[in-house]
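Please read the structure below before turning to the comments.
In this text the structure is predicted, and so the values were computed from the model without any measurement.
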Amino acid sequence: MTVKSWITRGRRALSGEYFEFVRDIDAARLTVRERPTSLSPADFRRHLEAAVRAGSVAAMKLWAALYIEKEVKTDDDHSLDELDELARRRA
């Protein structure tokens, strides 16, 4: 049975599992409509952190791209400068 048929049956029913299913769907739709339309940067970061902590690999990759890789590049650039300088002195 499909979700669509459950909704159809639930709209006709006055009680029971189909009715409860439609009631829950309607409540979820109302919750979504009441949310603010835009996501603030703080909200985005909080949701991303929650996904990372929950074990989402995609969230971990995004976190690394946004926050960690910038730090690593800065450190690597500095380290390479030191190595280049050392190589010049030894040559």
- Item | Spacing of M60 atom CE and I68 atom CD1 [to the nearest 0.5 Å] | 10.0 Å

- Message: Would you say L30 ends up clustered with I25 if hydrophobic residues are merged whenever their side chains have heavy atoms under 4.5 Å apart, either directly or through other cluster members?
- Response: no

Could you tabulate the donor-acceptor pairs under 3.5 Å formed by side-chain atoms of residues 38-53, not counting sequence neighbours?
unit_1, atom_1, unit_2, atom_2, d
S40, OG, D43, N, 3.0
S40, OG, D43, OD2, 3.1
D43, OD1, R46, NH2, 2.4
R45, NE, E49, OE2, 3.3

- Gap separating the CZ atom of R12 from the CZ atom of F19, nearest 0.5 angstrom: 14.5 Å

- Would you mind reporting whether K4 and I7 have side-chain heavy atoms less than 4.5 Å apart? no

- Query: Under the side chain to side chain contact (heavy atoms under 4.5 Å, CB included) test, which residues partner R90, sequence neighbours left out?
  - Reply: L86

- Measure the spacing between CG of D26 and OG1 of T31 and express it to the nearest 0.5 Å. 10.5 Å

- Item | Interatomic distance, R23 atom CZ to E20 atom CD [nearest 0.5 angstrom] | 5.0 Å

- Distance in Å, R9 CZ paired with F21 CZ, rounded so as to fall on 0.5 Å steps: 12.5 Å

- Message: Side-chain heavy atoms nearer than 4.5 Å, only ILVMFWY residues, links allowed to pass through others: does that put L62 and V57 together?
- Response: no

